[in-house]
Number of protein chains: 2
Amino acid sequence: MRIGELAQKSGFSAHTLRYYEKIGLLPRTGRKSGQRDYDADALVWLAFISRLKTTDMPLAEMIAYARLRARGAATIGERRELLVAHPKRVKTQVASLQESLSVLNKKIGGYAAEQKRSIKNADTK
Amino acid sequence: MRIGELAQKSGFSAHTLRYYEKIGLLPRTGRKSGQRDYDADALVWLAFISRLKTTDMPLAEMIAYARLRARGAATIGERRELLVAHPKRVKTQVASLQESLSVLNKKIGGYAAEQKRSIKNADTK
DNA sequence: GCTTGACTTGGAGTGAACTCGAAGTTCTAT
DNA sequence: ATAGAACTTCGAGTTCACTCCAAGTCAAGC
């Protein structure tokens with residue numbers, strides 16, 4: 001398939017896909033009379049990238065992973081190590097988000113009381 | 001207190017504090033012989049900003065909130081509305097992080113099997 | 001009163017991740 | 001055969017959130 005179709009199926013823009021190839025995140029695929037020709041594997045890889053992106057993994061780290069992947073099965077151990085570190089960070093992030101969430105909700109609850117006081121003050125002035 | 005002390009207490013760098021003032025996130029405080037002079041309120045406000053930052057609220061939105069705050073008690077309703085929308089987004093984000101987390105953990109589990117296969121292949125070659 | 005460190009302003013530079021534009025080539029449908 | 005959409009490369013521009021620099025002013029300790 002050509003870049004337009006891959007863009008549509010993967011959810012990344014064609015611009016972004018070319019950019020990913022340039023920075024080494026997407027393997028350089030073969031050309032058919034000058035135009036990029038992708039197979040289904042590209043889509044699988046992009047789905048994985050997309051997943052890592054939702055967890056805020058920086059592109060640089062994904063590129064490191066991509067390089068290992070390109071070197072084949074011998075790098076599976078290294079890849080696993082790279083990947084294992086990530087969920088730990090994500091877990092920490094989730095925890096801090098949840099803590100902030102509860103603080104914010106408390107703050108929002110406080111607004112009801114504050115607004116009431118403010119209305120009362122307006123009444124008595 | 002001067003900017004250095006506020007920086008140290010708030011955890012933001014003095015550079016960043018000046019930047020926040022410039023973009024309207026931090027109210028322009030009075031100067032004592034040319035140097036910024038802060039009170040404890042500044043610290044409270046920065047702690048709140050810090051909280052919003054951990055939940056990835058963009059600076060632009062915090063600035064909108066800061067502007068309302070600067071206009072006083074009359075804007076409490078508006079401020080509350082602005083704030084209420086945020087935890088909803090954060091909740092969605094937490095959910096998608098958690099989903100991705102479980103997908104990644106599955107993928108990492110998969111590596112054990114893949115590595116075993118790869119070792120076996122090496123043996124028989 | 002002098003040194004040293006903290007402060008002031010304005011503006012430029014950084015890094016991440018895109019995003020777009022120009023000018024030319026190729027593909028698809030009629 | 002030709003119109004028009006989709007593609008090519010390369011480089012420049014954008015946004016966000018800082019971060020740093022230069023050149024000068026101010027404060028605190030000896």
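Computed from heavy atoms alone, side chains included, the values below leave out hydrogens, waters and symmetry copies. Residue numbers begin at 1 in each chain, while the letters A, B, ... track the order of the sequences.
When the side chain to side chain contact (heavy atoms under 4.5 Å, CB included) test is applied to B/S13, the partners found at least two apart in sequence or on another chain are B/H15, B/T16. For B/L43, the side chain to side chain contact (heavy atoms under 4.5 Å, CB included) test picks out B/L6, B/K9, B/S10, with sequence neighbours left out. Listed by chain and number, the residues in a salt bridge (charged side-chain N to carboxylate O under 4.0 Å, His left out) with B/R51 are A/E99 (sequence neighbours excluded). Residues satisfying the side chain to side chain contact (heavy atoms under 4.5 Å, CB included) test with A/Q98, not counting sequence neighbours, are A/V94, B/V94, B/Q98. Taking A/Y19 as the reference, nothing meets the side-chain hydrogen bond (donor to acceptor under 3.5 Å, both in side chains) condition, with sequence neighbours excluded. Taking A/S50 as the reference, nothing meets the side-chain hydrogen bond (donor to acceptor under 3.5 Å, both in side chains) condition, with sequence neighbours excluded. In terms of the side chain to side chain contact (heavy atoms under 4.5 Å, CB included) criterion, A/S96 has no residue partners (sequence neighbours excluded).
Straight-line distance from the CG atom of A/L26 to the P atom of C/dA17: 16 Å, rounded to whole Å. If you take CG of A/L25 and P of C/dA16, they are 14 Å apart, rounded to a whole angstrom. D/dC20 atom P lies 14 Å from atom CG of B/L17, rounded to whole Å.
Between B/Y19 and D/dC20 there is no side-chain N or O to OP1 or OP2 distance below 4.0 Å.
A distance of 6.5 Å separates OH in B/Y20 from CG in B/L25, rounded to the nearest 0.5 Å. Interatomic distance, CG of A/L17 versus NZ of A/K22, reported as 13.0 Å (0.5 Å rounding).
Applying the side chain to side chain donor-acceptor pair (under 3.5 Å) test to residues at least two apart or on different chains, the pairs with a partner in residues 36-45 of chain B are B/E21-B/R36. Evaluation of the salt bridge (Lys or Arg N to Asp or Glu O under 4.0 Å) test over residues 76-93 of chain B, restricted to residues two or more places apart or in two chains, returns B/E61-B/R89.
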- Determine, for nucleotides 7-12 of chain D in 5'-to-3' order, which nucleotides have protein heavy atoms under 4.0 Å from the base (write B), from only the sugar-phosphate (write S), or from neither (write -). SBB---
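Within residues 38-67 of chain B, no residue approaches DNA chain C, by heavy-atom distance under 4.0 Å. Near DNA chain D, defined here as any heavy-atom distance below 4.0 Å, there are no residues from residues 83-101 of chain A.
Residue contacts for B/Y20: at a heavy-atom cut-off of 4.0 Å it reaches the sugar-phosphate backbone alone, with no base atom in range.
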